[in-house]
Amino acid sequence: MTLDEQFALLKRGTIEIVPEEGLKAKLRKSNETGKPLKVKLGLDPTAPDIHLGNAVVLRKMRQFQDLGHEVIIIIGDFTAAIGDPSGRSITRPQLSEEEIRRNAKTYYDQYCLILDPAKTKVVFNSEWLGKLSFEDAIKIASKLTVARVLERDDFASRLNEGKPIGLHEILYPMCQAYDSVVLESDIEVGGLDQKFNILLGRDLQSQFGQEEQVGLFMPILVGLDGVQKMSKSLGNYVGVTENPKDMFGKLMSIPDELMRDYFELCTDVPLEEINAIEEGLASGRLHPMEVKKRLAREIVTIYHSADAAKEAQAEFERVFSQREIPEEIPDIVLGPEDLVDGRIWIVKLLVKAGMAPSNSEARRLVQQGAVTIGGQKITDPLVNIAPSNGQVIRAGKLRFGRIKIAR
RNA sequence: GGGGAGAUGCCCGAGUGGUUAAAGGGGGCAGACUGUAAAUCUGUUGCCGCAUGGCUACGUUGGUUCGAAUCCAACUCUCCCCA
């Protein structure tokens with residue numbers, strides 16, 4: 001592959017490369033010296049679930065690996081104790097050491113789905129940040145200014161809105177920048193929300209007399225709600241380890257307008273084809289639902305298999321298009337203690353089955369006509385029903401259970 | 001150190017003695033419709049075994065009152081201005 005081709009590949013999907021010439025120069029140099037580039041990615045082990053939004057960046061890292069470069073994942077165990085303020089309007093909760101350790105481990109299992117584990121180096125930033133003395137930290141801090149740090153958008157807006165900013169949060173970008181110094185990274189990849197932190201890494205590297213890293217920014221993937229960025233804490237995400245059925249279903253719930261972004265950032269469908277799809281949608285030649293099914297299929301195929309994707313689609317059509325029951329339904333085991341004269345209060349049954357969190361919620365579901373048992377709609381929340389083995393109970397579109405009577 | 005403002009349900013935000021489980025919006029859930037768990041419209045959204053009932057809830061603790069999210073005191077936390 002020529003340098004130009006490499007550059008084009010790496011540029012695809014990025015929203016910005018700072019500076020573009022820098023990337024070209026790094027690639028050229030690596031090519032001449034035969035020395036792979038160090039490509040850095042910081043992960044914040046806040047919750048043990050990698051989602052499609054994280055995957056956008058990870059997939060970019062994979063491309064670097066395929067070109068022979070060295071990928072270094074930094075598990076921000078030390079910085080997680082601070083909490084990245086990026087894109088935050090409130091202070092993040094700090095994590096305990098144990099939580100971080102647990103999360104980091106599950107991270108490893110998950111990014112292997114995208115990266116080549118043999119070519120991935122993993123480090124924890126507590127290895128060096130944890131060893132700095134307070135004096136060292138102050139020395140590093142002296143190379144940055146308050147104004148420079150407060151420049152960043154999320155700090156500025158929080159300041160304007162009169163919201164609190166912890167002093168420790170100001171140190172977060174510095175820590176991340178210092179990571180780049182320690183690793184002597186050539187390239188740092190991140191979402192656009194990482195722009196400030198990554199650029200600060202450039203500043204700090206040059207302060208330490210190093211060649212500056214190149215920042216490569218990927219767009220932020222919008223979450224399932226179609227408004228906010230995909231994130232674990234907002235619950236609007238698709239996890240890469242989710243089962244095919246849920247993955248497919250969740251992808252079908254994105255607003256139509258998001259489809260293009262998802263195709264571009266989450267699949268390997270060639271750009272020309274994506275453009276053709278977009279035209280097809282605009283002209284009415286293609287049906288949005290069919291396009292979305294294709295999208296869901298593409299993504300499920302990446303993380304599972306083509307077969308799993310087909311199955312997931314079949315399941316989806318069965319449950320939602322035809323309103324039939326899914327193939328696999330969890331059992332609701334009823335013991336003798338649950339039944340009085342072979343009967344059980346409908347509300348209690350729903351709670352017992354985990355289909356409603358409280359009696360009140362269960363009662364509401366019944367009153368709203370969401371509950372059917374054995375295909376029969378129940379609307380009276382006071383009724384006691386006589387369940388029989390194998391009966392299917394359904395609450396709303398998503399909750400199912402099959403009754404199993406234990407003796 | 002001095003002065004001022006504030007803390008309300010999942011989130012934002014109204015409410016300044018009773019009719020407030022607390023307006024409104026967001027989000028969630030459900031129903032209708034459909035082209036999908038899109039969009040739109042409607043309903044619903046603390047808990048308690050059925051309630052013209054009870055319990056919990058408006059930063060914390062205590063007080064005033066027949067009655068407090070609303071008044072008072074102390075405390076905790078946050079923001080703004082001055083130094």
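Lettering of chains follows the sequences in order, A, B, ..., and the numbering in each one begins at 1.
The pair A/Glu327-A/Lys245 fails the salt-bridge criterion, with no side-chain N (NZ, NE, NH1 or NH2) lying under 4.0 Å from an Asp/Glu carboxylate O. Looking at A/Lys139 and A/Glu135, a side-chain N of the basic residue comes within less than 4.0 Å of a carboxylate O on the acidic one, giving a salt bridge. Between A/Arg294 and A/Glu298 there is a salt bridge, since at least one side-chain N of the basic residue sits less than 4.0 Å from a carboxylate O of the acidic one. The pair A/Lys131-A/Asp136 fails the salt-bridge criterion, with no side-chain N (NZ, NE, NH1 or NH2) lying under 4.0 Å from an Asp/Glu carboxylate O.
Between the CZ atom of A/Arg394 and the C1' atom of B/A30 there is a distance of 13 Å, rounded to whole Å. If you take CD1 of A/Ile254 and C1' of B/G35, they are 14 Å apart, rounded to a whole angstrom. Protein atom CG of A/Leu398 is 6 Å distant from nucleotide atom P of B/A30, rounded to whole Å. What separates CZ of A/Phe316 from P of B/A37 is a distance of 6 Å, to the nearest Å. Atom-to-atom, CZ of A/Arg318 to C1' of B/A37 comes out at 16 Å; the value is rounded to the nearest Å. For A/Lys245 and B/U36, the NZ to C1' distance is 16 Å, given to the nearest whole Å.
A/Lys24 NZ: more than 12 foreign heavy atoms inside a 6.0 Å radius.
Here the separation of B/A39 from B/C48, taken at their C1' atoms, is 38 Å to the nearest Å. B/U70 and B/G59 are spaced 8 Å apart, taking the P atom of each and rounding to whole Å. B/C66 and B/A57 have their C1' atoms separated by 22 Å, given to the nearest Å. Remark: the separation of the C1' atoms in B/C12 and B/G6 is 15 Å, to the nearest Å. With both ends at atom P, the span from B/U20 to B/G53 equals 14 Å, rounded to whole Å. When the C1' atom is used for both B/G15 and B/C58, the distance is 10 Å, rounded to whole Å.
Ring geometry for A/Phe64 versus A/His69: interplanar angle over 60°, hence perpendicular rather than tilted (30 to 60°).
Across all strands, A/Pro255 comes closer than 4.0 Å only to sugar-phosphate atoms, never to a base (heavy-atom distances). Among the heavy atoms of the strands, none lies under 4.0 Å from A/Leu224. Within 4.0 Å of A/Asp380, counting heavy atoms only, lies no atom of the nucleic acid at all. When heavy atoms are screened at a 4.0 angstrom cut-off, A/Gly396 is found touching the sugar-phosphate backbone but no base atom.
Using Watson-Crick or G-U wobble geometry with both donor-acceptor distances under 3.5 Å, B/G1 finds its partner in B/C82. B/C77 is paired with B/G6 under the criterion used here, namely a Watson-Crick or G-U wobble arrangement in which both key atom distances are under 3.5 Å.
Of the candidates B/A37, B/A38, B/C29, B/C29 carries the atom nearest the A/Leu365 side chain, counting heavy atoms from C-beta on. For A/Ser253, the side-chain atoms get nearest to B/A37 when compared with the rest of B/A38, B/A37, B/C50. Distance from the side chain of A/Gln368 is smallest for B/C29 among the nucleotides B/U36, B/C50, B/C29.
For A/Asp225 against B/G27, a side-chain-to-base donor-acceptor contact under 3.5 Å is absent.
Of the two residues near RNA chain B, A/Val383 and A/Glu257, the one whose nearest nucleotide lies more 5' is A/Glu257.
Tested against A/Val214 for a side chain to side chain contact (heavy atoms under 4.5 Å, CB included), the candidates A/Val18, A/Asp186, A/Ile17 yield a single pass: A/Ile17. Each of A/Gln194, A/Gln176, A/Arg202 was checked for a side chain to side chain donor-acceptor pair (under 3.5 Å) with A/Glu188, and the lone residue meeting it is A/Gln176.
Put simply, A/Trp345 rests on the base of B/G49: the two rings are less than 5.5 Å apart at their centres and nearly parallel, under 30°.
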Considering only nitrogen or oxygen atoms on both sides, find all protein atoms under 3.5 Å from nucleotides 45-48 of chain B and state each distance.
{"residue": "B/C47", "atom": "OP1", "partner": "A/Ser358", "partner atom": "OG", "Å": "2.9"}
{"residue": "B/C47", "atom": "OP2", "partner": "A/Arg364", "partner atom": "NH2", "Å": "2.7"}
{"residue": "B/C48", "atom": "OP1", "partner": "A/Asn359", "partner atom": "N", "Å": "3.0"}
{"residue": "B/C48", "atom": "OP2", "partner": "A/Asn359", "partner atom": "N", "Å": "3.2"}
{"residue": "B/C48", "atom": "OP2", "partner": "A/Ser360", "partner atom": "N", "Å": "2.7"}
{"residue": "B/C48", "atom": "OP2", "partner": "A/Ser360", "partner atom": "OG", "Å": "2.7"}

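Taken from OH in A/Tyr303 to CD1 in A/Ile114, the straight-line distance is 4.0 Å, to the nearest 0.5 Å.
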